[in-house]
Amino acid sequence: MNTPDNTIQVTNLANLAQMLPYLLGHYPDDSIALHAPGANFHDGPRMTCPLPEDPAEWQATAETAARQFVAYAHDQGHNPDQGIVIYLCREPSPGQTPWDTAALLAPVADWLTTELTEHRATVLQTIGLVSNRWWCYECHIEGCCEGEPLPSADDPASVTAQMARLGRTPGPRTRDIVKEFRATADPDFLKDLHTAARRFNTRCATKAGRNATLATTCTQIDAAMNQFREGATALTRALTTQLIAGLQDDVAVEAGMAHTDDNDLPHARRLWSYLARNCAEPFTKEAAPILTLYAFVAWRQGDLIAARLALRDAITTDPDYELAVGIHLATIDGEDPREYLTAVREGQAECEAHLQHAVQVASEYIPTDTNAARYCEALDSVTISNIPQTFTDEQLMLARHSTVDIINGALADIRNGRPLVDEVAARIILGLQDREARDAALSSGEESNLPYERQLWGDLARRCVPPHTGKAAALLTLLGWVAWRQDDTVTAAHALSDAVDIDPHYGLATTLLDGIRSEADPAPLLKILREVAAQFAASRADLDTL
């Protein structure tokens with residue numbers, strides 16, 4: 001066999017068995033490996049396919065692998081009828097001897113040979129590799145080619161010795177490569193990750209929430225990269241869990257891919273492998289984007305083996321993850337990862353500009369962690385003290401007027417520069433869950449009132465923190481209407497769209513949003529609202545006579 005460095009003599013089946021980790025660049029544990037030798041033997045297409053744990057699945061796996069390899073060989077311009085070498089690698093399960101395992105692999109050799117032959121491919125040899133021993137399944141002489149140890153490096157004719165003289169070492173085993181990114185479970189960490197994932201999903205319930213969370217994740221990626229550039233090997237638990245959750249957003253993954261300048265590659269690889277190792281059950285699916293980031297970095301470094309193994313894990317856990325599938329195919333087709341990087345950075349620049357604008361718009365009303373516990377406590381308290389009960393019509397009307405009175409008082413406080421009291425804010429939020437109270441609060445006054453109303457609705461919307469997020473639909477609808485009256489259709493559309501995200505059946509928000517998108521004039525609606533406001537004000541006289 002001619003190598004790029006020199007000539008290696010492969011004179012017997014033992015040498016052929018010993019060639020595998022040099023051919024592939026790694027030793028594939030528990031796998032089928034297929035090689036169609038080229039002019040210099042080491043040339044030609046090759047492929048590995050993991051063997052499932054359950055032997056009942058091996059026949060289907062073998063037949064699929066054979067078909068895929070024939071197609072791949074043709075794509076590479078190689079005719080598989082010139083010969084294929086099959087390697088079957090497996091380590092014994094507990095209680096098995098190497099001979100037991102080799103016997104278990106024998107049907108796989110038959111299935112592969114049958115399927116390859118049906119597709120006009122010729123099998124040269126089928127070598128079994130178990131516990132550093134080799135079997136040749138074409139040899140039917142009893143006791144021959146069965147379980148012989150691989151040649152020792154002390155044997156000068158062995159492939160290992162020949163390669164060592166050329167300064168080459170065998171590729172690492174799969175199980176050693178995957179240790180870099182395979183997860184290990186920490187029950188306490190997984191509890192925190194569950195909390196972070198739940199918070200992430202809650203915040204992303206609206207477009208504004210998703211944008212704000214995405215902006216935070218991008219900032220956290222930058223911060224984490226800076227730490228790893230400075231030599232860090234781990235992050236705080238809070239930052240780790242937030243990054244794992246945040247990287248479930250495809251745009252955040254693209255932001256991560258942008259950190260692959262040549263000088264950053266070692267640091268990025270350590271960061272993504274660190275995060276991937278923290279994605280144990282039941283969060284293995286969350287590892288898919290992180291494994292893809294790791295694979296992209298490994299691909300940029302020219303480490304195709306680690307890249308493909310990571311991508312295999314990503315695709316196994318989430319077969320529909322398109323980025324992993326696309327990059328996997330790109331590594332097979334020999335594409336240049338720098339072209340991916342250029343495209344990602346172009347899209348990222350546009351996305352960042354849009355994201356900054358969207359976050360700036362939504363900052364007026366989106367909840368943040370600041371004072372969240374306090375706001376939640378106030379809403380919890382008011383909600384408990386107002387347990388739903390059967391109200392008479394008069395009591396309902398009285399409650400609605402009370403809500404409007406409290407709103408008027410809050411607006412007066414805002415005009416005079418006084419802060420909104422938490423209990424007052426909570427009472428308004430709860431009162432506006434009544435649709436008629438909300439309609440009565442819709443802005444119908446003079447334009448001079450609009451800045452104060454807008455400030456109130458934005459403040460109240462920011463107070464609708466989890467688990468009270470659903471209560472924000474009314475506040476966002478009121479804010480959207482005020483912004484529309486002010487000709488700020490951008491903020492109006494964002495707020496109303498978020499209201500619909502929170503409650504897809506929130507009719508008023510949908511109606512107002514449709515009006516903005518169709519560029520309708522809000523004046524006719526304002527006229528109707530003023531009539532409704534007058535009728536609502538007149539209904540107070542009926543209450544006064546009770």
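- With salt bridges taken as basic N to acidic carboxylate O contacts below 4.0 Å, none links R435 and D439.
- Between S539 and H401, the side chains place a donor N or O and an acceptor N or O closer than 3.5 Å (distance only, hydrogens not considered).
- A280 is linked by a side chain to side chain contact (heavy atoms under 4.5 Å, CB included) to A183, A185, L190, counting only residues two or more places apart in sequence or in another chain.
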From CA spacing to verdict: side chain to side chain contact (heavy atoms under 4.5 Å, CB included), V532, L442 | CA-CA 10 Å; V532 171; L442 283 165; over 6 Å; no
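- In this structure R270 satisfies the side-chain hydrogen bond (donor to acceptor under 3.5 Å, both in side chains) test together with H267, sequence neighbours excluded.
- With respect to the salt-bridge test (charged N to carboxylate O, under 4.0 angstrom), the residues R199 and D369 do not qualify.
- Contacts of P466 classified as side chain to side chain contact (heavy atoms under 4.5 Å, CB included), with partners at least two apart in sequence or in another chain: T202, T469.
- Two residues are said to be in side-chain contact when any heavy atoms from C-beta on lie closer than 4.5 Å; M257 and L323 meet this criterion.
- Pairs passing the side chain to side chain donor-acceptor pair (under 3.5 Å) check and including a residue from residues 521-537, sequence neighbours excluded, do not occur.
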Name each donor-acceptor pair under 3.5 Å that joins a side chain in residues 223-230 to protein atoms two or more places apart or in another chain, with its distance.
| residue | atom | partner | partner atom | Å |
| --- | --- | --- | --- | --- |
| N226 | OD1 | R229 | NH1 | 2.5 |
| N226 | ND2 | D222 | O | 3.3 |
| R229 | NE | D264 | OD1 | 2.7 |
| R229 | NH2 | D264 | OD2 | 2.9 |

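- You'll find the side chain of R269 stays beyond 4.5 Å of the side chain of L293, heavy atoms only.
- Look at D498 and K207 and you find no salt bridge, because none of the NZ, NE, NH1 or NH2 atoms lies under 4.0 Å from a carboxylate O.
- In terms of modelled atom types and a separation under 3.5 Å, the side chain of R277 and the main chain of T184 share no donor-acceptor contact.
- In terms of modelled atom types and a separation under 3.5 Å, the side chain of T241 and the main chain of A238 share a donor-acceptor contact.
- Listed by chain and number, the residues in a side chain to side chain contact (heavy atoms under 4.5 Å, CB included) with E453 are L411, S443, N449, L450, W457, V482 (sequence neighbours excluded).
- Counted within 6.0 Å of CG on N263, heavy atoms from surrounding residues, nucleotides or ligands total 12 or fewer; the atom is thus considered open.
- Listed by chain and residue number, nothing satisfies the ring-ring contact (aromatic ring centres under 6.0 Å, His included) test with Y72 (two or more places apart in sequence, or in another chain).
- Within the structure, the ring pair (Phe, Tyr, Trp, His ring centres under 6.0 Å) test picks out the following pairs touching residues 312-343 (sequence neighbours left out): W299-Y340.
- Between R454 and D488 there is a salt bridge, since a side-chain N of the basic residue sits under 4.0 Å from a carboxylate O of the acidic one.
- Residues satisfying the ring-ring contact (aromatic ring centres under 6.0 Å, His included) test with Y365, not counting sequence neighbours, are none.
- With no hydrogens or angles considered, a side-chain donor-acceptor pair links K471 and H468 at under 3.5 Å.
- Listed by chain and residue number, A307, A310, L311 satisfy the side chain to side chain contact (heavy atoms under 4.5 Å, CB included) test with A295 (two or more places apart in sequence, or in another chain).
- Judged purely by atom type and a 3.5 angstrom limit, T216 uses its side chain to pair as donor or acceptor with the backbone of A212.
- In summary, of the residues considered (L420, L475, I414), a side-chain contact (heavy atoms from CB on, under 4.5 Å) with D459 occurs for L420 alone.
- At a threshold of 4.5 Å between non-hydrogen side-chain atoms, the residues L275 and Y294 do not count as touching.
- Side chain of Q242 to main chain of A196: no donor-acceptor pair is present (N/O by atom type, distance under 3.5 Å, no hydrogens or angles).
- A donor-acceptor distance shorter than 3.5 angstrom exists from the side chain of Q248 to the backbone of I244, with no hydrogens or angles considered.
- Y452 pairs by the ring-ring contact (aromatic ring centres under 6.0 Å, His included) definition with nothing, not counting sequence neighbours.
- In this structure, the side chain of W484 does not engage the main chain of P522 through any donor-acceptor pair within 3.5 Å.
- With salt bridges taken as basic N to acidic carboxylate O contacts below 4.0 Å, none links R175 and D30.
- Residues satisfying the side-chain hydrogen bond (donor to acceptor under 3.5 Å, both in side chains) test with E63, not counting sequence neighbours, are Q59.
- Between R300 and D262 a salt bridge is recorded (basic side-chain N to carboxylate O distance below 4.0 Å).
- In this structure a side-chain-to-backbone donor-acceptor pair under 3.5 Å is present from D434 to A437.
- When side chains are defined from C-beta on, I366 does not count as touching R203, because their heavy atoms never get closer than 4.5 Å.
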